[in-house]
Novice: 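The following block contains the structure, expressed as structure tokens.
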Amino acid sequence: MDSCKLVLITANIGSIFEDAATMLDRWFHEFSEHLLRHQPDFVALHCQELGGKTTKDSMHLIEIFIDKLLSCTALNAFDRVRIFCDRDHTAVEKYTALANFYFVSRRFTRLVELYNFKDRSYMVVTGSEVICDRLEEHPLARKAKFPKDFFPNFEWSRKGFIRTRWRLGGRPFDFVNIHLFHDGSNLVALQSSPSVYSLNRRRALEFTLEKLDIDRYDEAPLFIFGDFNFRLDISQLVQDLDAAKEVEEHRLSDKKKQLEKVVYFNRAKKPILSIGEKAFDLHENHEQFELLQNYSQYDKEFAQFERRLKEVPVSFPPSYPYTESVHDGHSYMKTRCPSWCDRVLFSQSSEQLFDPRAPLYYGVIGADVCMGDHKPVFLGVSMLLPDSRQSGGTRPSSSDVFRFVCPTPFFFGGSSGLYEALVGPPSPGPTAHQ
């Protein structure tokens, strides 16, 4: 039986735009090296926070990012490309800052198709296309921003998901890029187990899965990967420390008598844990998060979905929040509790198609270098495909190469300016880059 080697990557890239001159080249070097090592047939890169935290000031950086991606040497052998990029920050009620990038190697000779959700039919994929405007109306993708009532006590932020459906060699797959809510305050998260933020993330993920379940399209094996923002249960962690009689709690208030920080001391009167609104410090043991067995028991949020979703056992350190110092690829910032925010999850129907003859990889990209505050997380897996004689055969011949109509079909040649060649300039607006 044939198989297709997939590399599925999720990357919250918001922080690399803060120092784009340094970080973009570093990030793409690690990305390229990773692809060269694994030699996949199909690459799916799901990005969150495209353009950084202030997209309106960095439209030109989005173009640079996409141009560098398209010019990547490691992608020279990939002749079929689709990019779905939500860049219209002026559409506040719809904007998610998500981007889905898909690449198919010319080594993969089986037929590759994309699903048209409007016509409910598959279209043969050839050439390259970047789709950036009015993504919510495009027939080849389904985009949604989480409803405003999901944010009763929080600012309505750019969180949501983008879904595409592919058929690779006759086998359909759903790929969903998702970005869930972060923890606004460590002190609020400390108040309950599970935290109010955890409950809100659970509600949003349930909403997403229900949307996939109740739509009118046939079910397909699912991969959902993105920044789930899953956080460790710090309330339970502190309760366990207190139950073991290992700590003494000191609460510090500001001038307005508002709680500012909680500090926990050991028996020797040394601080071992300090928690503030945007502070989380384990003091001498802060880097002990490298030792998974100490903290993975507090990684509980995924457990609520284990009946519906699966995950390869995690054997890598928490993916967030790494220091943004370009010379340090291992240390965590002392702002949030280090957590496995970035994940690649899949349905049972997907797991049943894993090729048992091939190795399975689940880890981070750029483990030893600075990749921003999030390490990209990847799953490398080979998926079983139906016999080519039963699934429509191989890819189109060269005479059929433009059967899928693209505004600007383009094949890689390693040159610059590919972004503009594919998508053209951004829509005019008060803050658009000219």
Novice: Flag the pair Arg203 / Phe207 as yes when at least one side-chain heavy-atom distance between them is below 4.5 Å, and no otherwise.
Specialist: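 Arg203 vs Phe207: side chains apart.
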Novice: Verify, without hydrogens or angle tests, whether Tyr298 (side chain) and Gln236 (backbone) share a donor-acceptor contact under 3.5 angstrom.
Specialist: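 No, the answer is negative, given that no donor and acceptor are paired below the 3.5 Å cut-off.
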Novice: Is any side-chain heavy atom of Thr335 less than 4.5 Å from a side-chain heavy atom of Asp373?
Specialist: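 Thr335 vs Asp373: side chains apart.
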Novice: I want to check something: taking the side chain as every heavy atom from C-beta on, are Phe230 and Phe302 in contact at a cut-off of under 4.5 Å?
Specialist: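 In short, these two side chains touch, coming nearer than 4.5 Å.
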Novice: If you define the side chain from C-beta out and look only at heavy atoms, does anything of Arg26 sit under 4.5 Å from Val326?
Specialist: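 SC-SC contact between Arg26 and Val326 confirmed.
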Novice: Measure the acute angle between the ring planes of Phe28 and Phe31, then classify it against the limits of 30° and 60° as parallel, tilted or perpendicular.
Specialist: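 Phe28 and Phe31: perpendicular rings.
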Novice: Output, in order, the C-alpha distance, side-chain angles, deciding distance and verdict of side chain to side chain contact (heavy atoms under 4.5 Å, CB included) for Val104 and Val125.
Specialist: CA-CA 9 Å; Val104 187; Val125 174; 5.5 Å; no
Novice: What is the minimum heavy-atom distance between Tyr197 and His182, and which atoms define it?
Specialist: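 Reported closest heavy-atom pair: CD2-O, 3.8 Å.
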Novice: Which residue is it: Phe225, Phe175, Phe305, Phe354? I am looking for the one with a ring-ring contact (aromatic ring centres under 6.0 Å, His included) to Phe346.
Specialist: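 For Phe346, the ring-ring contact (aromatic ring centres under 6.0 Å, His included) test succeeds with only one of Phe225, Phe175, Phe305, Phe354, which is Phe354.
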Novice: Which pair of non-hydrogen atoms, one from Ser105 and one from Asp79, has the smallest distance, and what is that distance?
Specialist: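 Shortest heavy-atom contact: C-OD1, 4.1 Å.
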Novice: Check step by step if ring pair (Phe, Tyr, Trp, His ring centres under 6.0 Å) holds for Phe316 and Tyr362.
Specialist: CA-CA 8 Å; Phe316 51 87; Tyr362 192 34; 5.2 Å; yes
Novice: For Arg165 and Asp174, what are the C-alpha separation, side-chain angles and deciding distance, and is it a salt bridge (Lys or Arg N to Asp or Glu O under 4.0 Å)?
Specialist: CA-CA 4 Å; Arg165 173 170 290 188; Asp174 272 347; 2.7 Å; yes
Novice: I want to check something: taking the side chain as every heavy atom from C-beta on, are Glu129 and Leu114 in contact at a cut-off of under 4.5 Å?
Specialist: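 When only atoms from C-beta onward are counted, Leu114 and Glu129 do not touch, as no gap falls below 4.5 Å.
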Novice: Within the supplied structure, the quantity of interest is the number of heavy atoms (other residues, nucleotides, ligands) at a distance under 6.0 Å from Glu206 CD; does it exceed 12?
Specialist: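 Atom CD in Glu206 is crowded, with more than 12 foreign heavy atoms closer than 6.0 Å.
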Novice: Does NZ belonging to Lys310 count more than 12 external heavy atoms closer than 6.0 Å?
Specialist: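 Yes.
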Novice: Distance alone, cut at 3.5 Å: any donor-acceptor contact between the side chains of Arg142 and Tyr217?
Specialist: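 On atom types as modelled, these side chains qualify, holding a pair under 3.5 Å.
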Novice: So which of Asp227, Asn100, Asp86 actually passes side-chain hydrogen bond (donor to acceptor under 3.5 Å, both in side chains) with Asn177?
Specialist: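 Considering Asp227, Asn100, Asp86, a side-chain hydrogen bond (donor to acceptor under 3.5 Å, both in side chains) with Asn177 is found only for Asn100.
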Novice: To check you understand the geometry: which heavy-atom pair defines the closest contact between Cys47 and Phe65, and what is its length?
Specialist: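 Looking at all heavy atoms of both residues, the closest pair is SG-CZ, 4.3 Å.
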Novice: Mind checking side chain to side chain donor-acceptor pair (under 3.5 Å) for Ser193 and listing every partner two or more places apart, or none if nothing turns up?
Specialist: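 Listed in chain order: Asp233.
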Novice: Walk me through it: do Asp25 and Lys68 pass the test salt bridge (Lys or Arg N to Asp or Glu O under 4.0 Å)?
Specialist: CA-CA 8 Å; Asp25 286 341; Lys68 283 182 176 291; 2.7 Å; yes
Novice: Can you tell me if Lys145 uses its side chain to pair, donor with acceptor, with the backbone of Val92 under 3.5 Å?
Specialist: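 Checked: pair present.
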Novice: Does Trp340 reach the side chain of Phe228, with side-chain heavy atoms less than 4.5 Å apart?
Specialist: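 In short, these two side chains do not touch, never coming nearer than 4.5 Å.
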Novice: Under 3.5 Å, is there a donor-acceptor pair between the side chain of Lys375 and the main chain of Gly329?
Specialist: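 Between the backbone of Gly329 and the side chain of Lys375 there is a qualifying donor-acceptor contact (under 3.5 Å).
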Novice: Do Arg167's NZ or CZ and the ring of Tyr122 fall within the cation-pi criteria of under 6.0 Å and 45°?
Specialist: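 Yes; both conditions hold, so Arg167 lies above the ring face of Tyr122.
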Novice: Can you measure from CZ (Phe223) to CG (Leu379) and round to the nearest 0.5 angstrom?
Specialist: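 One gets 6.5 Å once the value is rounded to the nearest 0.5 Å.
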Novice: For the CG atom of Leu24 and the CG atom of Asp67, what is their distance to the nearest 0.5 Å?
Specialist: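 If I round to the nearest 0.5 Å, the distance is 11.0 Å.
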Novice: Give a yes or no on whether the backbone of Leu98 and the side-chain of Lys143 come within a donor-acceptor separation of less than 3.5 Å.
Specialist: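 Flag not set: sc Lys143 to bb Leu98 has no pair under 3.5 Å.
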Novice: Would a distance-only check, ignoring hydrogens and angles, find a side-chain to backbone donor-acceptor pair under 3.5 Å from His138 to Leu140?
Specialist: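 It does hold such a pair.
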Novice: Let me confirm one number: the OG1-CD distance from Thr96 to Glu136, rounded to the nearest 0.5 Å.
Specialist: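 Thr96 OG1 to Glu136 CD: 9.0 Å, rounded to 0.5 Å.
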Novice: Hey, are Gln48 and Thr10 close enough side-chain-wise for a donor-acceptor pair under 3.5 Å?
Specialist: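 Yes, a side-chain donor-acceptor pair sits under 3.5 Å.
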Novice: Which heavy atom of Gly52 sits nearest a heavy atom of Phe17, and at what distance?
Specialist: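 The answer is N-CD1, 3.4 Å.
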Novice: Arg336 side chain to Asp183 main-chain N or O, any donor-acceptor pair under 3.5 Å?
Specialist: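 It does hold such a pair.
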Novice: Do the side chain of Asn186 and the main chain of Ala279 share a donor and acceptor less than 3.5 angstrom apart?
Specialist: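 Present.
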Novice: Begin from the C-alpha positions of Asn200 and Phe146 and carry the test side chain to side chain contact (heavy atoms under 4.5 Å, CB included) through to its verdict.
Specialist: CA-CA 11 Å; Asn200 218 22; Phe146 294 122; over 6 Å; no
Novice: Distance from Lys334 atom NZ to Tyr332 atom OH, nearest 0.5 Å?
Specialist: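 Here the rounded value is 14.0 Å.
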Novice: Flag yes if more than 12 heavy atoms outside Arg308 fall under 6.0 Å of its CZ atom; otherwise flag no.
Specialist: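 Result for CZ/Arg308: enclosed.
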Novice: Return yes if some donor-acceptor pair links the side-chain N/O of Ser382 with the main-chain N/O of Ser3 below 3.5 Å, else return no.
Specialist: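 Pair absent, no side-chain N/O of Ser382 close to backbone of Ser3.
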Novice: Between the side chains of Gln239 and Ser235, does any donor sit under 3.5 Å from an acceptor?
Specialist: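 A pair is found: one side chain offers a donor N or O, the other an acceptor, under 3.5 Å apart.
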Novice: Are the side chain of Ser339 and the backbone N or O of Cys341 linked by a donor-acceptor pair below 3.5 Å?
Specialist: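 No, Ser339 side chain to Cys341 backbone: no donor-acceptor pair under 3.5 Å.
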Novice: Classify the side-chain pair Asp328/Thr323 by whether it contains a donor and acceptor separated by less than 3.5 Å.
Specialist: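 Side-chain D/A pair, Asp328 to Thr323: absent.
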Novice: Can you tell if the side chain of Glu49 reaches within under 4.5 Å of the side chain of His179, non-hydrogen atoms only?
Specialist: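 Glu49 vs His179: side chains touch.
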Novice: If I compare all heavy atoms of Phe173 with all of Met383, which pair ends up nearest, and what's the gap?
Specialist: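 Looks like CE2-CE, 3.6 Å.
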Novice: Kindly compute the distance separating CD1 (Ile16) from NE2 (His374), expressed to the nearest 0.5 Å.
Specialist: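 Going from the CD1 atom of Ile16 to the NE2 atom of His374 covers 11.5 Å.
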Novice: Where do Arg201 and Glu301 come nearest, in terms of heavy atoms and distance?
Specialist: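 In terms of heavy atoms, the two residues are closest at NH2-OE2, 2.7 Å.
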Novice: Are any non-hydrogen side-chain atoms of Val112 and Trp166 less than 4.5 angstrom apart?
Specialist: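 The answer is yes, as the side chains (C-beta and beyond) meet within the 4.5 Å cut-off.
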Novice: How many angstroms lie between NE2 in His46 and CD1 in Ile13, if you round to the nearest 0.5 Å?
Specialist: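 Interatomic distance, His46 NE2 to Ile13 CD1, rounded to 0.5 Å: 12.5 Å.
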Novice: When you measure from the side chain of Thr164 to the backbone N and O of Ala141, does any donor-acceptor pair fall under 3.5 Å?
Specialist: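 No: the side chain of Thr164 does not pair with the backbone of Ala141.
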Novice: For a side chain to side chain contact (heavy atoms under 4.5 Å, CB included) check, start with the C-alpha distance between Leu69 and Phe103, then their side-chain angles and the critical distance, and finish with the verdict.
Specialist: CA-CA 11 Å; Leu69 181 62; Phe103 306 88; 3.7 Å; yes
Novice: Starting from the C-alpha separation in whole Å, work towards a yes-or-no answer on side chain to side chain contact (heavy atoms under 4.5 Å, CB included) for His89 and Met59.
Specialist: CA-CA 9 Å; His89 61 87; Met59 287 297 295; 3.8 Å; yes
